[in-house]
Amino acid sequence: MLEDLKPHIAELRTRLVRVVAAIFIVFFACFAFWEPILEWVAQPLKDALADQSQVIAYRMGEQFITAVIIAFFSAFVITLPYIFAQIWGFIAPGLYENEKKLVIPFVIGTTVMFLLGAAFAYYIVFPYGFTYLVNFGEGSVVAMISIGEYLKFFLKLMFGFGIAFELPVVCFFLAKVGLIDDQSLTKFFRFGVIIIFVFSALLTPPDILTQFLLSGPLIVLYGISI
């Protein structure tokens, strides 16, 4: 049993090394431009802040850590097609010949849907969510937002929305290999909606509007998946 798994483990290790190497190479290029990237990342927060509020760094070296995280985030996004191609390359040996030909649709589809989810979060959800959170209790407190804490929140939502928008692509390829079909998705719809709302509540800020901004598109994507 273990001997049979060794080739697969070696293949997985090789592809992980390739992915990590690609991300690190792009990371150094992105690090040189971390300031304009940070400006783009922080723009939704700055738009939501009141005049007397500020974005601050209150820990020693927080600016440098922020620059590193920003560069890694940018490198990950840029290398997404390569990452998905490596994932496909790992699972392809277990597929039929006609299924192996889906590599290009898989790479393009997963990349596009992740970017659509991240763009939806940035341009639709952030303006509403951040405005509500930052200005809540404005008459009693002045918001001084740590760039490090904001970045954690930003990345959580960007990755969460990006992964959530992969639903139609995942369902399509699961159907292609015979694991699901439209009937099973239809029967599971009610439970799927409940899971979507729980996922949205855990991922988004604690306000109903932002939660619906995630759960609404996910329900639509579930319908598209069927």
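Heads up: numbering here begins at 1 and tracks the sequence. Quantities reported herein were computed from a predicted structural model and do not represent experimental measurements.
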What heavy-atom pair brings [X] and [Y] nearest, and what distance separates the two atoms?
{"X": "R15", "Y": "F90", "result": "NE-N, 3.5 Å"}
{"X": "L214", "Y": "A164", "result": "CD1-CB, 4.4 Å"}
{"X": "S74", "Y": "C30", "result": "CB-SG, 3.7 Å"}
{"X": "S200", "Y": "L218", "result": "OG-CD1, 4.4 Å"}
{"X": "P105", "Y": "F173", "result": "C-CZ, 4.2 Å"}
{"X": "A118", "Y": "M158", "result": "O-SD, 3.4 Å"}

Would you call the rings of F24 and F27 parallel, tilted or perpendicular, taking 30° and 60° as the class edges?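 The rings of F24 and F27 stand perpendicular, inter-plane angle above 60°.
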As an exercise, state the distance from CG of L16 to CD of E11, rounded to the nearest 0.5 Å.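 Going from CG on L16 over to CD on E11, the span is 10.0 Å.
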CD1 of I180 to SG of C171: how many Å apart, nearest 0.5 Å? 4.5 Å
Is there a side-chain contact between [X] and [Y] (heavy atoms, below 4.5 Å)?
{"X": "P44", "Y": "Y150", "value": "yes"}
{"X": "V19", "Y": "T79", "value": "no"}
{"X": "F120", "Y": "F126", "value": "no"}
{"X": "P127", "Y": "D47", "value": "no"}
{"X": "F165", "Y": "F114", "value": "no"}
{"X": "F159", "Y": "F73", "value": "yes"}
{"X": "D181", "Y": "S184", "value": "yes"}
{"X": "F172", "Y": "S225", "value": "no"}

Sort out for me which residue in I70, T66, I147, L155 forms a side-chain contact (heavy atoms from CB on, under 4.5 Å) with V41.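 The side-chain contact (heavy atoms from CB on, under 4.5 Å) with V41 is passed solely by I70 among I70, T66, I147, L155.
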D182: what forms a side-chain hydrogen bond (donor to acceptor under 3.5 Å, both in side chains) with it, not counting sequence neighbours?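 Expected list: none.
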For I108, does its backbone N or O pair with a side-chain atom of T111 as donor and acceptor, under 3.5 Å?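 The answer is no, because no donor-acceptor pair under 3.5 Å joins these two groups.
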Check whether any side-chain N or O of Y222 sits under 3.5 Å from a backbone N or O of T186 as a donor-acceptor pair, and report yes or no.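 No, Y222 side chain to T186 backbone: no donor-acceptor pair under 3.5 Å.
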Between S146 and E62, do the side chains contain an N or O donor and an N or O acceptor separated by less than 3.5 Å?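 Side chains of S146 and E62: pair found under 3.5 Å.
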State yes or no: do [X] and [Y] share one hydrophobic cluster built from I, L, V, M, F, W and Y residues joined by side-chain heavy-atom distances below 4.5 Å, directly or via other members?
{"X": "I83", "Y": "I25", "answer": "no"}
{"X": "I219", "Y": "L221", "answer": "yes"}
{"X": "F76", "Y": "V26", "answer": "no"}
{"X": "V220", "Y": "F199", "answer": "yes"}
{"X": "L115", "Y": "I78", "answer": "no"}

Could you walk me through whether E166 and F84 satisfy the side-chain contact (heavy atoms from CB on, under 4.5 Å) test, starting with their C-alpha distance in whole Å, then the side-chain angles of each, then the deciding distance to 0.1 Å, before giving a yes or no? CA-CA 12 Å; E166 299 286 2; F84 287 129; 3.7 Å; yes
Would the number of heavy atoms belonging to other residues, nucleotides or ligands and lying under 6.0 Å from CG of L179 be above 12? yes
Identify the residue among W40, Y128, F161 that makes a ring pair (Phe, Tyr, Trp, His ring centres under 6.0 Å) with Y122.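 With Y122 as partner, ring pair (Phe, Tyr, Trp, His ring centres under 6.0 Å) holds for just one option, W40.
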Taking the six-membered ring for Trp, is the centroid-to-centroid distance between F64 and W34 below 6.0 Å?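 No, the ring of F64 stays outside the 6.0 Å limit from the ring of W34, centre to centre.
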